[in-house]
Amino acid sequence: MSSHHNLIALVTRQAPEAEKAWLDTLRNAMPHEVILPVQEMSDAERAQADIAIVANPDPADLELLPNLVWVHSLWAGVERLVMELEGFDRPIVRLVDPKLSETMAEAVLAWTLYLSRDMPAYASQQRQKLWQQLDYRAASDTRVGVLGLGALGSAASKLLKQVGFDVSGWSRSPKDIADMICYSGDDGLRQLLGHSDILVCLLPLTADTIGLLNAEKLALLPSRSGIINFARGKVVVTADLIQALESEKIKHAVLDVFDAEPLGDTSPLWSHPGVTVLPHISAPTNAGTAAAIVAGNIGRYRKRGELPAAIDFSRGY
Ligand code: NAP
């Protein structure tokens, strides 16, 4: 092929309309690129694809592309890619979108205030026609522990600090962030849990974080604490969380993510008075900003051969 042109394959397991919407948005963001759904490509076209843009790709579809150099995911979370593409030897870049971090920070602030200003308790009192003033605790007297200080956790911590919360954080590698104590390691986690009136989980799901928040760890929280899980359901052991709610160790849990989604009808979480169930809405991907980020990354690769940091399969995120 003399007029060799690199193509981009779009590989998703989405419904046709959803995939078509992504295709249009991506083509608009990269008018100079030729982007084709992998299922509509000829073998010759597949051989020309050096980049795949993916959303929950079927691993078998990626194998149709023999000359793939790297993969860009449209999602921020990578747990499914890491699980399904074990052994895949080309770089996989995930979406890091400041707009998504901002959306998540807004959600963390909203639900932290929901807990700190006792909204669940007042809603329940209203149902009982109960006029009762609970003790007010100022944001500055409310200790919020943020698990995970990556793109999402660091943005959430910053916004919580702006509003006056007493914020600490925990991550795998030690961090130095202004106006907050940052912990790492197992001892660090124990210390953080010991003074988190509200615990916010923004950790990726990995071999190290699956089941991390079990009975033993939850027991370290101050009594009548709150917990917000906006990361992945399996970081928290659901049965242990329910136990902690029953014993009033934990006063209220706000859950946006679950072991299985959608949450099944028979889950006790639906009707537990100490649980707020959200249908995975804390930080939806914004197709417009996501496509612009992907276009920027692909543009830099075409011009200078640069790639953003890729998923590290050995650490799992
Ligand atoms: P990220 O930038 O990769 O940050 C992950 C953070 O977790 C980092 O600070 C990392 O530590 C820390 N971490 C990872 N493994 C750890 C371990 N074993 N012990 C201690 N800390 C550990 O990820 P992100 O963009 O912030 O996203 C976090 C997660 O949010 C995603 O993986 C996804 O599951 C979830 N998410 C949820 C929604 C939603 O709508 N509910 C939307 C988007 C994403 P280092 O800083 O040392 O690397």
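Here the structure is a predicted model, which means the values were calculated and not measured. Values reported hereafter were calculated over all heavy atoms of this structure, with side chains retained and with hydrogens, waters and symmetry mates removed. Ligands are counted one by one from 1 in listed order, and the atoms in each one are counted from 1 as well.
A salt bridge between Asp118 and Lys251 is present, with a side-chain N of the basic residue lying under 4.0 Å from a carboxylate O of the acidic one. Ion pairing between a basic and an acidic side chain is recognised when a charged N comes within 4.0 Å of a carboxylate O; Lys99 and Glu102 show such pairing. Taking the charged nitrogens against the carboxylate oxygens, Glu33 and Arg302 do have a contact shorter than 4.0 Å, which makes a salt bridge.
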Output block, N or O contacts of ligand 1, threshold 3.5 Å exclusive:
unit_1   : atom_1 : unit_2 : atom_2 : d
ligand 1 : 2 (O)  : Arg94  : NH2    : 2.8
ligand 1 : 2 (O)  : Ala151 : N      : 2.9
ligand 1 : 9 (O)  : Leu149 : N      : 2.9
ligand 1 : 9 (O)  : Gly150 : N      : 3.1
ligand 1 : 11 (O) : Arg172 : N      : 3.2
ligand 1 : 11 (O) : Tyr317 : OH     : 3.4
ligand 1 : 21 (N) : Arg172 : N      : 2.9
ligand 1 : 25 (O) : Arg94  : NH1    : 2.8
ligand 1 : 25 (O) : Arg94  : NH2    : 3.2
ligand 1 : 26 (O) : Ala151 : N      : 3.3
ligand 1 : 26 (O) : Leu152 : N      : 2.9
ligand 1 : 34 (O) : Glu79  : OE1    : 3.4
ligand 1 : 34 (O) : Glu79  : OE2    : 3.1
ligand 1 : 34 (O) : Arg232 : NE     : 3.4
ligand 1 : 34 (O) : Arg232 : NH1    : 3.3
ligand 1 : 40 (O) : His280 : NE2    : 3.4
ligand 1 : 40 (O) : Ser282 : OG     : 3.3
ligand 1 : 40 (O) : Ala283 : N      : 3.4
ligand 1 : 41 (N) : Phe230 : O      : 2.9
ligand 1 : 41 (N) : Asp256 : OD2    : 3.2
ligand 1 : 41 (N) : Ser282 : OG     : 3.0
ligand 1 : 46 (O) : Lys175 : NZ     : 2.5
ligand 1 : 47 (O) : Arg172 : N      : 3.4
ligand 1 : 47 (O) : Ser173 : N      : 2.6
ligand 1 : 47 (O) : Ser173 : OG     : 2.5
ligand 1 : 48 (O) : Tyr317 : OH     : 2.5

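Atom CH2 in Trp111 sits 4.5 Å away from atom CG in Leu278 (nearest 0.5 Å). To the nearest 0.5 Å, atom CD1 of residue Ile311 and atom OH of residue Tyr317 are 12.5 Å apart.
Sorted by first then second residue, the side chain to side chain donor-acceptor pair (under 3.5 Å) pairs that include residues 132-159, not counting sequence neighbours, are Arg143-Asp197.
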